[in-house]
Structures are given as C-alpha cells and as structure tokens.
Asker: 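Before I ask anything, let me first share the structure, which is written out below as structure tokens.
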Amino acid sequence: MSEPVRRLAATVERLREEVKQAHVTADGRALIELAKGILVERLRCGPVQAAEQLEVLAEQSGVTVLELAADIVNDTAVDGITDITSSKVDNVRLRKAESAVLAAAGDAQAVAQSLLEQALVPLGAAAVAVWAVDSDTSLALAGFAGFPPQEASRWRYVPPGVATLARLALADRRTVWLDDVSRAGVPSIGPASGGRVAAPAVISGQIAGVLEISWTHPLEPQPVAVRRQIEALAELCAHTFNEGAVGRLAEDVARLADLADGILDPALVLVPRLEQGRVVDFRIHHVNQRFVDPAGRPRGLVDGTTVLESYPMAADGGGMFEKIERVHATGEPFRAEDMPITTLVADVPVTVTADVSLSRYGNAVLMIWRLQDETTRLTSLLQHAQRLGRIGGFDENVLTGEVSWNSQLFDLYGLPQGAPPVPLKQLADQAHPDDGPAISRFLRSVLHHHRSASTAFRLQRPDGVARHVRVIAEPVLDGDNQLLQVRGAYQDISAQHWTEVALAVTRDQLAQTEQHAAERDRLALQLQRAIMPSRPDPIDTFGLSIAVRYLPAESGALVGGDWYDAIVLPSKKILLSVGDIAGHGIEAATGMVVLRNALRGLATTGAGPAKLLGWLNLVAHHLTDSVMATAICGVYDPETRTLRWARAGHLPPLLVRSGSASLLPLPHGTMLGVVSEAQYAEEELELEPSDMLMLYTDGLIERRDRDLDGALEELRELAATTTGPLEQRLDHLVRYSSADTDDDTCIVAVQVT
C-alpha cells in the first residue's frame, strides 16, 4: 500500500471513530431528554424543574445523570416505550456493564457479578459463569454469580475432552444458544433445565474464556440486538483474562524463536495479524535454519511475510490457514501425516506432502513440517521390509477363513510344517490367560475398527516352552471400506523382554519415587484381579445363566474401581450388581473392595435394591475417604422370573428380547457418596424365556469422538445382532465394541434358560 493511500485510510478510520462517538453522545442526550419528559409527566412539573430533579436524584443515588436516566427509561419501557428507546437503553446498559468490567479487570468473580447485575438480570437471566480456557483446553470456573457455592465448587475444573456446553462453544468457536438445556443432552453447571447461552470470549483472535448465561425458564428466540449484546459482553470478559498479555507477547515470541532454532525439522513462528481485533492473517516472524520452502525460495524471501502472501493456496476451505487459525483460537494442537501443501511456482500450483505439527505458545503459533519425497517413502518401506523379514509372516482371508503361514512362523509356534495354522480369533487360546484383555483389544482394533495394531503376549507352545511374542497386523479393505483380509507378522521378543526387565530394575533403583508409584499401581492391579477375575466360570442356576467379563485398563496407572458381582443369596434370590468408582489407582481399587463387600453383606438382610443402595450411599459417604461411585443393584427372584432393580447414577441396563434390543427406562438415583442422605427409586422387570439382560460400566461404550447417547445407540444395535450361547454373545460384544478410552470394563449378563 502506497503512503498516500495509507494516510487516506488512516483519515477515514479517524473520522469513522469520531462519527461513532458522536452517535454515542447523541444517544446519551436523547436518553436524558426522555427521562426529563417522563419526570414532567409523572411529577406534573416543568422541564426546568424536571432537569433539576434529575440532577438531585443522581447526586443522592451516587450515579451519573446518564445512568439514572437509563434506569428511569428502562423502568418505563415495560409500560410502552418504543423499540428505538429500548435499543438506546440497551446501549447504555452495555456501557454501564463495560465500565464495571473494566473497573474489575483481572477479578473474574467481580466481573461475573457485575455482568449479572448490570446487563443480564434485565434480560431475565438468573445466573452467569465465566470459564477460563487453559493451554491444554481444560476449563476452569474463574467467576460465577447466581449459582450456589456448592454447585460452583463441583464445577471448578473441567478436564480436556469432557463434553460440556462451554466446551461446545470453544470447539465450534461460536455462540451456542439452547432454548432448554434439558433437551440438548449436554451437561453444565447449574440446573438441568432452562435456557442457556455459551459465548466464546475472544481477544486478539484467541478464545481466552467462555461466558455462560443461565435462565430458569425455556429461552424464547431472541432478537438480533440481544444476540449482539451477549457477544459484546463475552468480548468484555476476554479483557479479564488478558491482563498483562501485551507485555508478555514479545517475550513469548523470542522464546519460541529460540525453540524453533533447536528443532531439526523446518519450523516457522507465526504471529497473528489483527484488524479491528480480528485475525486476518499470520506474519511469519521467524524461520529456523532447517527451513525448506516447498517452492524453492530462500529463507529471506519468506521470513517477515504473511502466510497468505507466501502460501495463498493455504486459504482453501479446510486448508492450512484454517488449521493455523483454529490452533491459535482454541489452543488445541494439530497433528497430521501426509498433509498436502500447495504453493505457486511461476503461477503453477505445486503440491508436496508433509507431516505437519501446529502448537500455540502464548499468542504465537509454532508450525513444524517434514517434507516427504519419494526417497523418504522408499527408505521407510525398506525399513519395514527389513523388520518383517526377520520374523514369521501370515495372511488371513476374512471372507473364506483361509490362513497362510511362512515356515518361520511354524517354528515360532512349535508346530510341524503343514499343521493347521492358528487363525487370529483363536489367538487367546494359545496365550497366557492374563494376556486375554490385551488380545481382545488388539482383535477389536484390527477386525472391527479396521486399524493397524500390535500387542505383546506370552505364547504357550504345545511343547511346554513359553515365549514372549509380539504380533503386528494390518487390515486390507476394499473400495467400500469392507475388510477383506488381515496380513502381518509375529516376532519373538523374548530376549528383548528380559533386557527390558533388567533395564526396568535398574531404573527403579535410581528412581525411588517412580518405583513407589509403580508399586502402588501393581498392588492396585493385583488387588483388582484378585477380587475380579477377568473371565470367571459361568454360572447356571435356578433357570438362569450368568456370565461376566472384566477387562482392566491396559495402563497400570489407570487401574480403576469398576466392580461386578453375581451371587445366590440365602433367600435363594440372586444378587446382580455392577459399579464404577470415580478415579484410578490404589484408592479406587480399595474403594471398590469396600463397596462391593458392603453390598454383599447388606444384601443378606433381604432388603430390596433401592434400600440397599440407600445403605450403600451411607457407607460411601461416612465410612470411606470421599469415595464416589455409580452403581446398579438388582435382585432376581427365580420363582416369578422378576428382577427388581435400582440405580445410582449408572448407565441403563440393556435388554435383548426376540431379536431386538432396548435400553431400560432409568429410575431416579444419584451417585453414591455425593450427599449423606439419598433416596433411590426402584423398577421391576419380568423376564421371559431366552431374554438376555446386561449390566455394564462405561468402559464398554465410551469414545472420545462421540457423545454418550450415540455410544449407547451403537451398543444397542450391536447387541441386537448377537446370537448363540451367552458366553459367545459377551465375547462378540467385547470384541466389536467401539470404545477407545482404555478404561476398565465390567459386564454382568443373564439369560433365562
């Protein structure tokens, strides 16, 4: 842009600001004149006396004449002031809220109270929450007003990935309006019904927080003026989280440039370019020594330009610029392999493929890419071929069931050449029983999710020799994404295993703290497995087949407190239960033992499920160290084939009847241990011959990319397709479950025989 044009643009911008200020001043004068007119009519006085009275009342109230005039006009608006007057009142109300927010900058609690009192109560709102967004995209309740302190304490921190209304506004980068939160299925602070609004608090292109507003009644569609006012209030909130950010910007960028120079891959430091507070581009502040431009330009021609100047093709929808903008706004890192990057060379588009990483540091974005050429791909393929050449390979046709092995694989299994190969579905039969859960996850990833996967297990050979083996497999799909075959390899890692054991002992000796933590996890896992066998023998009693499955978390540090139970009571009735302790580690495992054994003892009294859960809640609240849990308790009467059951915040049971599956309606019941006194409702279900009823924990269905309702519907559809004996049906459900959170999984299933 030439200097004369730049000066003209600056002049136009200055005049625009002067006109805007003149409008604000005119609005203020108009409001004062309206207030005078109201006083003339109500006090039956002249204009001069009304002006004097207005000044006296303002002085006595400790507010400005403009603020008092806004309040007078606002009170009268209900009696018939026009929409134009109401709009001016909204403008003044917004400016009053702005003054209060700026005065309380840095104090989110004071900001929340000011927003509620000055701007939101007139809109009918009952409460407000101000969420701060951390660098890991977790949410912290920075300020609130209108919510009980106990409720705010429960919501003081929301971990990354937990779906809430504020998280939805953060992920979508837009204001979310809900006429009634009870119909949205999205949890959040406060009552479970009424209107809700969540607006991102954006400053300099970054989402610093989220403003959430609550109404006690369903929210009617709001006019454009109110929607803009809500967004303006959210923008005001952003100043609360931005105190001192300007002073840190240069320091953050300097540190990030030093970090980029230490990276062995090409790296760029990007700083947002703002116009009227919005990001329009990103300036390439620094490129490191390893930088390689896809268009072949030297570093000097790229450094200091903007992303869209140097890489205009990045502006395509869903392209590189959109990814950079999202990372800068939300703080959520972005990683991608084989991502196309298109540049213009002599006006000809040239596309290269790269592994790309984007991360936000302060107000800047670090972009790292590793360009892939044909030599790189061939080198990678050669490395895989060399690795596979030292092990036994296999190929399994999923459609025909035909399995092919090479000679090394027969030797590894200790089988003679020409013996029937072992298909993947029978892998658990050849392994140590404790490796069953790991093999189940491996088969689920390959056969159901169609993803390459690997796992290690202890192979039990026919000659009695045990070997530590790693299996690697990849699915082969057709054009419709249907599985055709699985190919892969087995590798004998026995020597590597014992080397790793020796290294682990050495590391434990050098790090006592780490050893202590590992010991606690091991003890928790041993306790868990001692109480909960992963695949106990099935029970067939009183015309009822009972089967259970237990899959502990793959990571020792994530050992949880899921439990199951199925026993015959002295009354000849059958107790069925599952539960899930909040948290992980030794505390969760010991809490599981306490509640499970307590429920067993209480059940011998002959009380019903609702009463049992009420007593168990007292145990959790008073006799444990802050244990909280969900649970389902059922008592089955074989004589009447009737199941009485109750729940404490747990997922609904699943009933499969006559080839269709359904989720049972949920009776009322809060989590165990939350409050000292809790009441639980009870339901009754009469089972028919061949009915299958399943109780389970959330590890069976939870996915990071899907809400709970969608996961439950997928489980229902999967259960409707299962046939055969009860044990086989449970194996099918576990193997083809789409859960991916690596949490404990407990299942208790019964079938009327």
Side-chain angles (χ1 to χ4, degrees), residues 383-396 403 405-406 408-415 421-475 486-508 514 518-519 521-522 524-526 528-529 533-535 549-560 699 731 734-735 737 739-745:
Q383 290 174 347
H384 285 295
Q386 291 173 340
R387 177 170 58 85
L388 295 174
R390 296 192 297 268
I391 59 182
F394 70 91
D395 185 286
E396 181 171 339
V403 183
W405 282 9
N406 64 5
Q408 291 90 342
L409 195 48
F410 286 99
D411 294 337
L412 176 60
Y413 262 77
L415 297 175
V422 178
L424 284 176
K425 290 185 178 180
Q426 298 179 13
L427 189 60
D429 298 336
Q430 315 296 319
H432 192 281
D434 289 346
D435 296 331
I439 293 175
S440 292
R441 292 189 179 91
F442 164 76
L443 294 177
R444 185 170 61 194
S445 296
V446 175
L447 300 179
H448 180 58
H449 294 304
H450 300 171
R451 293 198 301 255
S452 298
S454 67
T455 191
F457 65 96
R458 286 160 287 183
L459 176 65
Q460 306 287 343
R461 303 196 336 173
D463 56 7
V465 176
R467 306 297 295 174
H468 289 268
V469 174
R470 176 171 294 279
V471 57
I472 308 114
E474 63 177 3
V486 178
R487 59 194 178 196
Y490 293 83
Q491 181 183 14
D492 188 343
I493 59 171
S494 300
Q496 176 186 347
H497 169 77
W498 294 116
T499 301
E500 291 175 352
V501 170
L503 291 175
V505 172
T506 303
R507 285 195 299 268
D508 288 344
E514 182 177 331
E519 189 69 17
D521 294 337
R522 186 181 65 81
L525 187 59
Q526 287 180 343
Q528 190 183 56
R529 289 178 174 174
S534 62
R535 193 185 178 108
R549 290 291 182 274
Y550 177 65
L551 276 70
E554 188 172 2
S555 170
L558 294 179
V559 171
D731 288 337
V734 170
R735 180 170 300 167
S737 166
D740 64 358
T741 58
D742 189 30
D743 199 1
D744 289 355
T745 299

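Predicted, not measured: the structure shown is a model, and the values here were computed from it.
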Asker: OG1/Thr745 to CZ/Arg549 distance, rounded to the nearest 0.5 angstrom?
Answerer: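 Here the interatomic distance stands at 12.5 Å.
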Asker: Could you report the tightest heavy-atom contact between Asn406 and Gly392, atom names first, then the distance?
Answerer: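 In this case the closest contact between Asn406 and Gly392 is OD1-CA, 3.4 Å.
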Asker: In Å, rounded to the nearest 0.5 Å, how long is the span from OG of Ser452 to CD1 of Ile472?
Answerer: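 Here the rounded value is 10.5 Å.
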Asker: Among Arg441, Arg444, His448, His449, which residue satisfies the side chain to side chain contact (heavy atoms under 4.5 Å, CB included) criterion with Ser737?
Answerer: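 It is Arg444; the other options fail the test.
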Asker: So which atom in Leu459 and which in Leu412 form the shortest heavy-atom distance, rounded to 0.1 Å?
Answerer: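 What the structure gives for the nearest pair is CD2-O, 3.7 Å.
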Asker: Of all the heavy-atom pairs spanning Asp463 and Val465, show the shortest one and how long it is.
Answerer: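 Closest pair (atom of Asp463, atom of Val465, distance): OD1-N, 3.1 Å.
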Asker: Go through the structure and list residues passing side-chain hydrogen bond (donor to acceptor under 3.5 Å, both in side chains) with Arg487, not counting sequence neighbours.
Answerer: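 For Arg487 the side-chain hydrogen bond (donor to acceptor under 3.5 Å, both in side chains) partners, ignoring immediate neighbours, are Glu474.
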Asker: Restricting to non-hydrogen atoms, name the atom on Ser454 and the atom on Arg470 that form the minimum distance, rounded to 0.1 Å.
Answerer: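 That closest heavy-atom pairing would be OG-NH1, 3.5 Å.
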Asker: What's the spacing between Arg461 CZ and Leu415 CG if we round to 0.5 Å?
Answerer: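 These two atoms lie 8.5 Å from each other.
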Asker: Between Phe442 and Phe457, is the ring centre distance below 6.0 Å?
Answerer: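 No, ring centres 6.0 Å or more apart.
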Asker: As a test of understanding, state which of Gln408, His468, Arg467 forms a side-chain hydrogen bond (donor to acceptor under 3.5 Å, both in side chains) with Asp492.
Answerer: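 Passing option: Arg467.
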Asker: Looking only at heavy atoms, what is the nearest atom pair of Ala428 and Ile439, with distance?
Answerer: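 Heavy-atom minimum between the residues: CA-CD1, 4.0 Å.
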Asker: Mind checking whether Val471 and Thr455 have side chains closer than 4.5 Å, heavy atoms only?
Answerer: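 Yes, close enough: below the 4.5 Å cut-off.
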Asker: Parallel, tilted or perpendicular, judged at 30° and 60°: which one describes the rings of Tyr413 and Tyr490?
Answerer: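 The arrangement is perpendicular - the two ring planes meet at more than 60°.
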Asker: Could you measure the distance from the CD atom of Glu396 to the CG atom of Leu447? Nearest 0.5 Å is fine.
Answerer: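 That separation rounds to 7.5 Å.
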Asker: If you take all heavy atoms of Phe410 and Pro421, which pair is closest and at what distance?
Answerer: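 Heavy-atom minimum between the residues: CZ-CG, 4.4 Å.
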Asker: Going from CG on Leu443 to CZ on Arg735, what distance comes out if it is rounded to the nearest 0.5 angstrom?
Answerer: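 Here the interatomic distance stands at 5.5 Å.
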